[in-house]
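Each remark here refers to the structure printed beneath this line.
First the proteins, then the strands, lettered A, B, ... as listed; each starts at 1. As a basis for the values below, the full set of heavy atoms in this structure was taken, side chains included, without hydrogen atoms, waters or symmetry mates.
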There are 2 protein chains.
Amino acid sequence: MEANQKQTIYDIAKAAGVSASTVGAALNGSWKSRRISKNTVNRIVEIAEEVGYTVNLQARALRSAKTGLFGMILPQHDNRFFSSIGQCFSNETRTRQALPVIVSTRRDRDQEVQAVRGLIDYSVDALMLVGTSNPDELGEICREANLPHVFVDQPCEGAPSVVSDNKEGARKLTYALLDQCEKNAVRDIMFLGGNAALHATDLRIQGFREALLQHDQIAMDEQIVACGYGRAPTRDALAKLYQSRKGLPSALFINSIGCFEGALEFLTGLPAEEVDACSIGCFDYDPFGSLLRHPIPMVRQRADELVRRAYQHLDENDTEPRMTLIEPELILPRVINAL
Amino acid sequence: MEANQKQTIYDIAKAAGVSASTVGAALNGSWKSRRISKNTVNRIVEIAEEVGYTVNLQARALRSAKTGLFGMILPQHDNRFFSSIGQCFSNETRTRQALPVIVSTRRDRDQEVQAVRGLIDYSVDALMLVGTSNPDELGEICREANLPHVFVDQPCEGAPSVVSDNKEGARKLTYALLDQCEKNAVRDIMFLGGNAALHATDLRIQGFREALLQHDQIAMDEQIVACGYGRAPTRDALAKLYQSRKGLPSALFINSIGCFEGALEFLTGLPAEEVDACSIGCFDYDPFGSLLRHPIPMVRQRADELVRRAYQHLDENDTEPRMTLIEPELILPRVINAL
DNA sequence: AGATTTTGCACCATCGATAGTGCACCTTTA
DNA sequence: TAAAGGTGCACTATCGATGGTGCAAAATCT
């Protein structure tokens, strides 16, 4: 019954006794403007369905220089924030009748470059670059290839970028933590995790410092431990910290959810009283974090807004290197009775 | 300096004073077998780099009937398990020099069908279907299109499938929960969450029942509340349950992480003693879950293994409808002091 | 030196869809 | 009734890369 080989418009043309271009027009909707009679169209569509015809988008793309592929470079899928970005991107892209191609590159420069080149080879119609480690180089590659692109989360000098207002978020979180502290312990807050070389971490540290300044404190360099985004390194960094200062600080600003997990790994090994005495906040959101017995204020980045605005730049054919800031929200801990 | 338009092999051919087919061969590596001199190749490669040439994979795909695109249908990105599957798929696909195309379809039949058809239109070389709500129909579509495919997590009657050993996992988790219970409370364990119509939930319920049987218990239908995979519905189902029976059961088998979050939302509103008295386990893994003060045994599905075996089926050109079971691991709670 | 082999490349059809152009045939209008 | 316009479609070039085939020129052999 079913044709085994993939059917083309030529096969259908033969079956219908018309020309291939007529079949093409009938099937892609351009038949009205090409003055193909409704009868012929019906006949063709019927045959097409019968033999299970599907367009070859490669051929279409080759001819029309539009692939309907939208690319995204993402550090990783298995991360609350990034997967949420991926989800929004996927939704948004599919409502546009296009296909999302998400490539994860582990924040690795070589992988990023390779992935961008790969996507260019596939002639993606546009590219969203999220949290890349090397924005300027990647932006340059896109520009050379004449590929519309936007940066998200980590901005680029030479292209439109949409990022969370990291400084403001950090300020809010720091205030929340300081509020929980005793007056005399204010100087004892620490910033843990992230990569100081990255834009996001840098701004969060700035926000942290500024918030301290509001409390007439100047943050010392020792108060800032940017040990990377890794789980284990953060655990170890915190352990070392604990050892060297013989105890926890009075407050901990933890940069990103991965770091938070690492910190928890260490903290859960400590006596409850010690942990209870330490105010902990995290710049990133995870529902579980907010369900811990220990109250954890968290900052949630608005993935949906980030993606929406990024797409807006693409829609508007914007190539100006302007930066759009999206304010993240501070999620205060609920009052928890159990667990 | 840089060419603005996308360069083709014809442009380079003109620049190098050779034919297009020579350029093609020089650039795609087939020049050895085509007896193009090393000198000519070097000259061509140099020009290509100079003008920033990149292949048009659409054209190549059209000609060679291989796109280098590998598709995946995924219920959602923003979920620990699925995002982890996505990550593994992405890694594995990229080591094969191919491009992963992951489409999320929210377990929605129409979206799934549409996505599969879309991927067929793009001529993906193979397709992995994860946790689909309608495997048989989708399998049929793939078969008609002559598209190599494998099902993951949710099996299909007519195609190779790789799934976690849900029954065994559920048995192990149930045993772990029963071990925590008092002898007399064994009959009081409940199964919460999931969709009984889906293969995975069905088998987990079977495992749950079997484990109870080992304890000489027959699970009553009221002990099984398959309220779906949603967070809010699970919270509400648990709340209702609590009301109607005036308290928590002695043990709770929670099916999937989303349900677990929903349950937590309710549980955190209860007095600590009540929650403490209830053994809680979750069929799914989240590091935060294992960091709660309340000990939570969890079942972790091996995303890497699932994807690895799925790819193996594709590599072996396997179309037999055989099912590969991957044993999930039971993760026992750590001894937690704090939080 | 002439015959034979090898080297190095050009030429051309092809993959499947799209869109410009042309041309019968039919209908309307003067 | 002839001119003018409309309708319905076929023909053909094209997108960029690939691979089979053919043919000179150079290299090797007799």
Side-chain angles (χ1 to χ4, degrees), chain A residues 3 5-45 48 51-69 120-123 125 145-146, chain B residues 3 5-45 47-48 51-69 120-125 145-146:
Chain A
Q5 287 295 348
K6 179 143 182 164
Q7 300 284 317
T8 73
I9 53 171
Y10 297 93
D11 300 319
I12 296 180
K14 208 171 296 171
V18 297
S19 79
S21 60
T22 300
V23 175
L27 261 25
N28 71 19
S30 69
W31 58 271
K32 280 161 238 161
S33 62
R34 304 205 98 221
R35 297 187 321 217
I36 310 292
S37 76
K38 185 78 177 123
N39 279 335
T40 311
V41 170
N42 289 145
R43 193 155 44 89
I44 290 173
V45 168
V51 299
Y53 168 83
T54 54
V55 243
N56 182 324
L57 290 182
Q58 255 67 43
R60 174 180 291 173
L62 178 57
R63 187 64 234 263
S64 46
K66 282 272 164 224
T67 56
L69 295 173
I120 289 174
D121 291 347
Y122 275 103
S123 316
D125 292 337
N146 233 295
Chain B
Q5 288 293 350
K6 179 142 179 163
Q7 300 284 316
T8 73
I9 52 171
Y10 297 93
D11 299 321
I12 296 179
K14 208 171 296 170
V18 298
S19 78
S21 60
T22 301
V23 174
L27 261 26
N28 70 18
S30 69
W31 57 272
K32 281 163 234 161
S33 62
R34 303 205 99 222
R35 297 187 322 218
I36 309 293
S37 78
K38 186 75 177 125
N39 279 335
T40 310
V41 171
N42 289 147
R43 194 155 43 91
I44 290 173
V45 168
I47 295 179
V51 299
Y53 169 82
T54 55
V55 245
N56 181 324
L57 290 181
Q58 255 68 42
R60 173 181 292 172
L62 177 58
R63 187 65 234 266
S64 47
K66 281 272 163 221
T67 56
L69 295 173
I120 289 174
D121 291 347
Y122 275 103
S123 316
V124 291
D125 292 336
N146 233 296

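Checking dT18(C), dA17(D), dC9(C) against every side-chain atom of Asn56(B), the shortest atom distance belongs to dA17(D). Comparing dT18(D), dG8(D), dT18(C) by their closest approach to the side chain of Ser37(A) singles out dG8(D).
Between Thr40(A) and dC9(D) there is a side-chain polar atom (N or O) within less than 4.0 angstrom of OP1 or OP2. Distances shorter than 4.0 Å separate some side-chain N or O of Ser19(A) from OP1 or OP2 on dA10(D). Of the side-chain N and O atoms in Tyr53(B), one or more sit less than 4.0 angstrom from OP1 or OP2 of dA17(D).
Put simply, CZ on Arg34(A) and OG on Ser21(A) are 6.0 Å apart, with the number rounded to the nearest 0.5 Å. For the atom pair NZ of Lys66(A) and CG of Asp125(A), the computed distance is 4.5 Å after rounding to the nearest 0.5 Å. Here the straight-line distance linking atom CG of Asp121(B) with atom OH of Tyr53(A) works out to 8.5 Å at 0.5 Å rounding.
For the side-chain contact (heavy atoms from CB on, under 4.5 Å) with Trp31(B), the qualifying choice from Ile44(B), Val45(B), Ile36(B) is Ile36(B), the only one to do so.
Nucleic acid contact for Val55(B): sugar-phosphate only, since backbone atoms but no base atoms lie under 4.0 Å from a heavy atom of the residue. Val18(B) comes within contact range of the sugar-phosphate backbone alone, with a heavy-atom separation under 4.0 Å but no base atom that close. Heavy atoms of Gly17(B) sit under 4.0 angstrom from primed sugar atoms or phosphate atoms, though from no base atom.
For the pair Ala59(A) and Val23(B), nearest-nucleotide mapping onto DNA chain C gives the more 5' position to Val23(B).
Without hydrogens or angle criteria, Tyr122(A) side chain to Thr67(A) main chain gives no donor-acceptor distance under 3.5 Å.
Atom-to-atom, NZ of Lys14(B) to P of dA10(C) comes out at 14 Å; the value is rounded to the nearest Å. Rounded to whole Å, the distance from CD on Gln58(B) to C1' on dC15(D) is 11 Å.
With no hydrogens or angles considered, a side-chain donor-acceptor pair links Asn28(A) and Ser30(A) at under 3.5 Å.
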Quick tally for nucleotides 19-27 of chain D: nucleotides whose base has a protein heavy atom under 4.0 Å get B, sugar-phosphate-only ones S, the rest -, giving BBB------

Go through the steps for Asp11(A) and Val51(A) under the test side-chain contact (heavy atoms from CB on, under 4.5 Å), then give the verdict. CA-CA 10 Å; Asp11(A) 300 319; Val51(A) 299; over 6 Å; no

